[in-house]
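Note: hydrogens, waters and symmetry copies are ignored here, and every other heavy atom, side chains too, is used. Ligands are counted one by one from 1 in listed order, and the atoms in each one are counted from 1 as well.
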Amino acid sequence: MLSIAERIEYINRRLPETTQLLAISKFHPASFIQEAYDAGQRLFGESREQELAQKQAELPKDIQWHFIGHLQTNKVKYIAPYVAMIHSVDSLRLLEEIDKQAKKCERTIDCLLELHVAQEESKFGFSFDEVRNLYEEKWLEKFPKVRVRGLMGMASNTDDDMQVRMEFASIASFFNEVQQKYDASVDTLSMGMTNDWKIAVEEGSTMVRIGSFIFGERNY
Ligand SMILES: *Cc1c(COP(=O)(O)O)cnc(C)c1O
């Protein structure tokens, strides 16, 4: 059995310098996060606002907490004071609320637009055309306290690697389009999880979100 530290090292050895590791610690105890922290890991991802608040209070203050789960607008206020990045922005209403809460905290919040690409599962996320529309209709300019840093995508949950690769490639090509046509400053393409991160990296991911490989199976 490899330790948490050894698993993190295994991944880091295989990531290009331009790809960051976000350790997904949802449903795992603070002691596991501390172990990863002691091994040098600073970026952690959580999917529930209350769980995140508890861990944030108890763990070292230089951890960068990323929110990756579906976020209800009435929960934004709880994470707005400290969250480093929200990966799961999937509606105009949510953008508006993040902007409002960021303003109250006198900060700017980094966000990613979540794309809906996978064939099944999540009903959340924007289509490519909806993202094009956000830029072309200047919606994002209405939210000055939201800084859109890029895109987050998930591939279909399938053993068909070719399918997964095609989905990541299409997200990456759309990311290039956004960079070239709309905003040259976007720099974050969040894609790749335990089962598909190697493919995601080959297709251009700049941030992989890995949970079970590092921390083991989750008990929901
Ligand atoms: C849980 C989760 C992950 C991590 O999944 P693993 O398969 O455990 O690596 C990554 N991204 C999102 C959005 C998640 O909800």
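A donor-acceptor pair is defined here as one N or O able to donate and one able to accept, closer than 3.5 Å; such a pair exists between the side chain of R42 and the backbone of Y37.
Residue pairs that meet the ring pair (Phe, Tyr, Trp, His ring centres under 6.0 Å) test with at least one member in residues 170-189, sequence neighbours left out, are F128-F174, Y135-Y182.
In summary, of the residues considered (L43, L21, T19), a side-chain contact (heavy atoms from CB on, under 4.5 Å) with M207 occurs for L43 alone.
Residue-level contacts of ligand 1 at the 4.0 Å heavy-atom threshold are I24, K26, I68, M154, M193, T194, R209, I210, G211, S212, R218.
For CG of N74, the number of neighbouring non-hydrogen atoms (other residues, nucleotides, ligands) closer than 6.0 Å is greater than 12.
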- Steps toward side chain to side chain contact (heavy atoms under 4.5 Å, CB included) verdict (Y82, K61): CA-CA 10 Å; Y82 60 84; K61 292 303 168 237; over 6 Å; no
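Using a cut-off of 4.0 Å between Lys/Arg side-chain N and Asp/Glu carboxylate O, D99 and K145 are scored as not salt-bridged.
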